[in-house]
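In what follows, chains are A, B, ... by sequence order, proteins preceding strands, each numbered from 1.
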Protein chains: 2
Amino acid sequence: MGLQKPKHDVYQAIADPTRRQLLLLLQDAGELPLKEVTPHFAITRAAVSKHLHVLTDAGLVRERKVGRETRYRMDPDPLLELRRWLAFFDLYWENKLSALKLLVEEPEGEGPAEIGSDGGSSS
Amino acid sequence: MGLQKPKHDVYQAIADPTRRQLLLLLQDAGELPLKEVTPHFAITRAAVSKHLHVLTDAGLVRERKVGRETRYRMDPDPLLELRRWLAFFDLYWENKLSALKLLVEEPEGEGPAEIGSDGGSSS
DNA sequence: AAATTAGGATACCATATGGTATCCTAATTT
DNA sequence: AAATTAGGATACCATATGGTATCCTAATTT
């Protein structure tokens with residue numbers, strides 16, 4: 001009953017910079033209750049909570065109640081949709097900016113690592 | 001003079017479904033004047049124009065005046081930022097959803113592609 | 001030259017969005 | 001048991017957003 005139409009999709013969810021930061025924070029913190037998330041931002045607890053709910057609605061964050069606190073954890077799955085959408089433009093790049101692609105392959109300059117599995121793609 | 005702070009970034013620009021469609025349309029149409037873009041949507045010319053301006057502001061679309069018409073063309077460059085941002089979550093996936101990754105590699109499901117065969121990925 | 005056409009610029013509107021403040025309930029401490 | 005604490009729920013606010021309608025100017029047709 002009540003197939004909750006999500007109301008917020010991934011695209012919308014990541015449109016806000018605070019929410020993007022939230023994702024990164026949760027990503028390497030693992031799981032955090034609202035109380036510990038809040039001090040990382042300059043906005044009120046209520047505002048942070050709202051953002052987390054938007055993210056949850058979009059499926060990017062999972063809630064879990066533990067005692068009186070609610071712990072939030074990241075879930076990257078919905079980002080796959082974004083990836084797929086981005087893939088529509090891949091060919092475009094290969095035509096025009098093979099050089100810039102390098103920026104993608106090595107985000108920070110850690111190791112070579114060949115992310116992208118672009119291996120032996122036929123034309 | 002006037003370094004125009006963009007006001008719209010890529011994340012915001014692609015948050016709207018109409019704008020995402022616009023990008024796809026322009027991508028395979030190459031370059032179109034507003035007059036020809038409009039009929040693809042159920043909204044007014046003015047609304048389409050606004051969306052195109054948001055996209056232009058974000059750098060995803062280029063304008064070019066030709067006579068009395070303004071032609072719009074896609075520019076995928078800013079999407080690289082999105083890609084780089086997405087890359088932050090790559091490791092996450094490799095830990096949990098190596099299977100789903102296949103969905104990314106092949107957007108529409110053309111060939112069978114050995115789903116589940118975890119190949120020779122190191123730990 | 002007159003009529004038409006493309007599309008920018010405004011004004012305006014309803015709703016969404018990001019935020020605060022306040023209240024309330026359910027756990028947890030003391 | 002009383003006090004405290006975590007965080008949801010509301011009410012509310014200012015601004016952003018997506019959209020329409022209308023007007024205006026500059027090209028293009030006729």
Indicate, with a heavy-atom threshold strictly under 4.0 Å, whether [X] touches base, sugar-phosphate, or nothing.
X       : value
B/Glu63 : nothing
B/Glu36 : nothing
B/Arg71 : nothing
B/Phe41 : nothing

Given side chains that start at C-beta, do those of [X] and [Y] come closer than 4.5 Å, heavy atoms only?
X       : Y       : answer
B/Leu24 : B/Gln27 : yes
B/Leu79 : A/Trp85 : yes
B/Tyr11 : B/Glu81 : yes

May I ask you to say whether A/Glu69 pairs ionically with A/Arg71, meaning some side-chain N is under 4.0 Å from a carboxylate O?
-> yes

Provide the start and end nucleotides, 5' to 3', of the part of DNA chain D that has atoms under 4.0 Å from heavy atoms of chain B.
-> D/dT17 to D/dT28

Mark yes or no for whether B/Thr38, through its side chain, and B/Leu34, through its backbone, hold a donor-acceptor pair below 3.5 Å.
-> yes

Judged by atom type as modelled, is there a donor-acceptor pair below 3.5 Å linking the side chain of A/Arg20 to the main-chain atoms of A/Ile14?
-> yes

Could you check A/Asp16 against B/Pro33 and say which one's nearest nucleotide on DNA chain C is further toward the 5' end?
-> B/Pro33

Mapping B/Leu34 and A/Ile43 to their closest nucleotides on DNA chain C, which lands nearer the 5' end?
-> B/Leu34

Given B/Val48 and B/His40, is the side-chain contact (heavy atoms from CB on, under 4.5 Å) satisfied, shown in steps?
-> CA-CA 10 Å; B/Val48 174; B/His40 286 87; over 6 Å; no

Tell me whether B/Val61 is reachable from B/Leu22 by hopping between hydrophobic residues (I, L, V, M, F, W, Y) whose side-chain heavy atoms are closer than 4.5 Å.
-> yes

Relative to the 5' end of DNA chain D, which residue comes earlier, B/Ala15 or B/Gly67, by the nucleotide with the nearest heavy atom?
-> B/Ala15

Whenever both distances are under 3.5 Å in a Watson-Crick or G-U wobble pair, mark it; put DNA chain C into dot-bracket that way, with [ ] for crossing pairs and | when the partner is on another strand.
-> ||||||||||||||||||||||||||||||

